[in-house]
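All heavy atoms count here, side chains included; hydrogens, waters and symmetry mates do not.
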Amino acid sequence: MKKASLLCIGILSAMLHTLTAQTVDGEKLDWWGDIDGFINQQDKVALGLVNKALEKYPPTLEEPLERKMAMLMLDGVLHEENAPQKPAVQEFLEERITKSLGEMQRTKVKQGARIWKLYNHGFVIRTASVTIGFDIVQASYFSDSDRFSNAEGFSLSGPLMEQIVEQCDVLFISHRHGDHADIGVAQTFLDHKKPVVAPPEVWSDLPIHKTITHLKREAHTKQKLKVQQGAQELTVINYPGHQGKDIENNVPLVFTPEGMSFVQTGDQSGPVEDWDWIDTAGTQNRVDVLFPNCWTPDIQRMVKGFKPAMVITGHENEMAHTIDHRESNWLTYTRLKGSPAPYLLLAWGESFHYVP
């Protein structure tokens, strides 16, 4: 009887607490019994502060402590195991990429290049003459490995992605994995008569394969690529990279009509033979900006090989990865400490104006 009485008292106490829970400006102050709601609200508050800090301290090579703290606060939220399912995190991604789209729609570049980081390893680079997209994806889905987690619901809207495609002239896809290759995004580029460049094994068993451009995978060989339906021409060196031993991973070095050059590495992490061209790439051609995957083996050696004017990393906080491979900003800072080239970390949706 005593235990039953105590249980009744506990239930009544909880009910009374629910009835008397306080609010301020419509926001709950008590979350007893609602753990998911509590964590989501905590994420919403933290991400709101991250947004304010990133707005106050935009990307710069002389990075203030306040900005670095915001980047590490972002790590903390995104490394919760169920972060991809949290509405606050999903809304944060959509808000950040919507902001970058608005900038693209307003931005005309007269000098140098404006660089936007989208999600994961996705970048958009605009010069006075062309706009180049790398590894743009709407969402990331994996089902073939236990290294990947469920990121269902963590996706950008279709209309938003179509507007981003409208801003670009070409899409480069590094390799077949779903956090770099999105068949819906690629088809939208093709529907707009904009070329998509990918390794031969990407969607090799699907009808879309015959409409994709497959440049020769040859180190140091310059190839031409028409964009804007022939109005402009890019020069591309399509380095024959790999993820692991067997997965084809293009590493394109793209030269714009202005003479600037950008190289995005995809998930380059191949066999030792790949170092033969990585170690000599920077002596063969000038590289303005290198966009490496932040977890690539020996990132400092890669920077030394390409000899870029600056480095902007990608692949931090890929939400379809499990926690151990959901790479953190703080890890990137550690890996690049003492880098032979200046480097910059961007959050989703941020941009940087690069001037050679």
Side-chain angles (χ1 to χ4, degrees), residues 36-37 39-55 58-59 67 70-105 115-124 133-142 148-168 171 177-185 188 291 293-294 312-323 325-330 332 345-352:
D36 286 343
I39 295 298
N40 184 69
Q41 183 63 18
Q42 180 171 278
D43 291 347
K44 182 178 179 180
V45 172
L47 293 173
L49 287 175
V50 168
N51 268 329
K52 289 181 180 179
L54 295 179
E55 186 72 24
R67 175 178 169 81
M71 298 293 280
L72 269 62
M73 181 184 285
L74 187 56
D75 287 338
V77 172
L78 300 184
H79 276 73
E80 296 166 5
E81 186 173 358
N82 296 320
Q85 284 78 45
K86 295 290 184 281
V89 177
Q90 296 170 357
E91 291 165 8
F92 177 77
L93 173 68
E94 187 86 8
E95 179 183 347
R96 298 295 307 172
I97 304 306
T98 298
K99 175 180 178 293
S100 68
L101 171 63
E103 283 189 1
M104 291 179 206
Q105 292 170 331
I115 298 165
W116 287 272
K117 182 176 182 177
L118 302 183
Y119 173 62
N120 188 41
H121 210 167
F123 289 93
V124 171
F134 291 101
D135 284 357
I136 300 173
V137 297
Q138 182 174 344
S140 299
Y141 298 112
F142 292 93
F148 302 113
S149 63
N150 176 24
E152 186 176 353
F154 191 78
S155 175
L156 295 165
S157 70
L160 175 58
M161 292 308 300
E162 180 153 9
Q163 291 179 81
I164 289 174
V165 171
E166 289 172 357
Q167 293 297 310
C168 300
L171 174 64
H177 284 157
D179 54 346
H180 297 259
D182 186 316
I183 194 168
V185 172
T188 303
F291 301 90
N293 49 320
C294 65
I312 299 178
T313 58
H315 221 304
E316 290 89 357
N317 290 309
E318 166 49 61
M319 303 306 288
H321 284 193
T322 50
I323 297 296
H325 191 30
R326 195 179 293 173
E327 305 295 328
S328 302
N329 290 308
W330 65 263
T332 302
L345 276 68
L346 300 181
W348 300 333
E350 284 195 305
S351 69
F352 179 74

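Summarising the geometry, atom OG1 belonging to Thr313 is positioned 7.5 Å from atom CG belonging to Leu346; distances are rounded to the nearest 0.5 Å. Taking CD of Glu166 as the start and CG of Leu101 as the end, the distance is 9.0 Å to the nearest 0.5 Å. Taking CG from Asp36 and CG from Asn82, the interatomic distance works out to 7.5 Å, rounded to the nearest 0.5 Å. With values rounded to the nearest 0.5 angstrom, Ile164 atom CD1 is found 9.5 Å from Gln138 atom CD. Asn120 CG to His180 NE2: the interatomic distance, rounded to the nearest 0.5 Å, is 5.0 Å.
A 4.5 Å side-chain heavy-atom check between Val124 and Gln167 finds every atom pair outside the cut-off. When side chains are defined from C-beta on, Leu74 counts as touching Phe92, because their heavy atoms get closer than 4.5 Å. Ile136 places a side-chain heavy atom less than 4.5 Å from the side chain of Cys168. At a threshold of 4.5 Å between non-hydrogen side-chain atoms, the residues Glu318 and Glu327 do not count as touching. Contact annotation: the side chain of Phe134 never approaches that of Leu171 to less than 4.5 Å [non-hydrogen atoms, C-beta and beyond]. Contact annotation: the side chain of Val50 approaches that of Leu54 to within less than 4.5 Å [non-hydrogen atoms, C-beta and beyond].
A donor-acceptor pair under 3.5 Å is formed between the side chain of His79 and the backbone N or O of Arg326. Side-chain atoms of Glu81 do not come within 3.5 Å of backbone N or O of Ile323 as any donor-acceptor pair. Formation of a donor-acceptor pair under 3.5 Å by the Asp75 side chain with backbone atoms of Asn329 is found in this model. Side chain of His325 to backbone of His321: no donor-acceptor contact under 3.5 angstrom is found.
For Phe291, the ring pair (Phe, Tyr, Trp, His ring centres under 6.0 Å) test picks out Phe123, with sequence neighbours left out. Residues meeting the side chain to side chain contact (heavy atoms under 4.5 Å, CB included) test with Ser100, sequence neighbours left out: Ile97, Met104, Trp116, Leu118. With sequence neighbours excluded, the residues that form a side chain to side chain contact (heavy atoms under 4.5 Å, CB included) with Ile183 are Trp203, Leu206, Ile208. Here Ser351 pairs with Glu103, Arg114 under the side-chain hydrogen bond (donor to acceptor under 3.5 Å, both in side chains) rule; sequence neighbours left out. By the side-chain hydrogen bond (donor to acceptor under 3.5 Å, both in side chains) test, Lys117 is found to be paired with Glu316, residues two or more places apart in sequence or in another chain being considered. With sequence neighbours left out, Arg67 forms a side-chain hydrogen bond (donor to acceptor under 3.5 Å, both in side chains) with Glu63, Glu350. Residues meeting the side-chain hydrogen bond (donor to acceptor under 3.5 Å, both in side chains) test with Asp182, sequence neighbours left out: none.
Between Asn40 and Ala88, the shortest heavy-atom distance links the atoms OD1-N, 2.9 Å. Of all non-hydrogen atoms in Val137 and Ala181, the two that sit nearest each other are CG1-N, 3.9 Å.
Tested against His315 for a side-chain hydrogen bond (donor to acceptor under 3.5 Å, both in side chains), the candidates Asp135, Asn293, Asp179 yield a single pass: Asp179.
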May I have the step-by-step check of ring pair (Phe, Tyr, Trp, His ring centres under 6.0 Å) for Phe154 and Tyr119, ending in yes or no?
-> CA-CA 11 Å; Phe154 191 78; Tyr119 173 62; 5.6 Å; yes
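Within a 6.0 Å radius of NZ in Lys99, more than 12 heavy atoms belonging to other residues, nucleotides or ligands are found. Counting heavy atoms of neighbouring residues, nucleotides and ligands inside a 6.0 Å radius, atom CD of Gln105 exceeds 12 of them.
Residue pairs satisfying the salt bridge (charged side-chain N to carboxylate O under 4.0 Å, His left out) criterion with at least one member in residues 84-96, sequence neighbours excluded, are absent.
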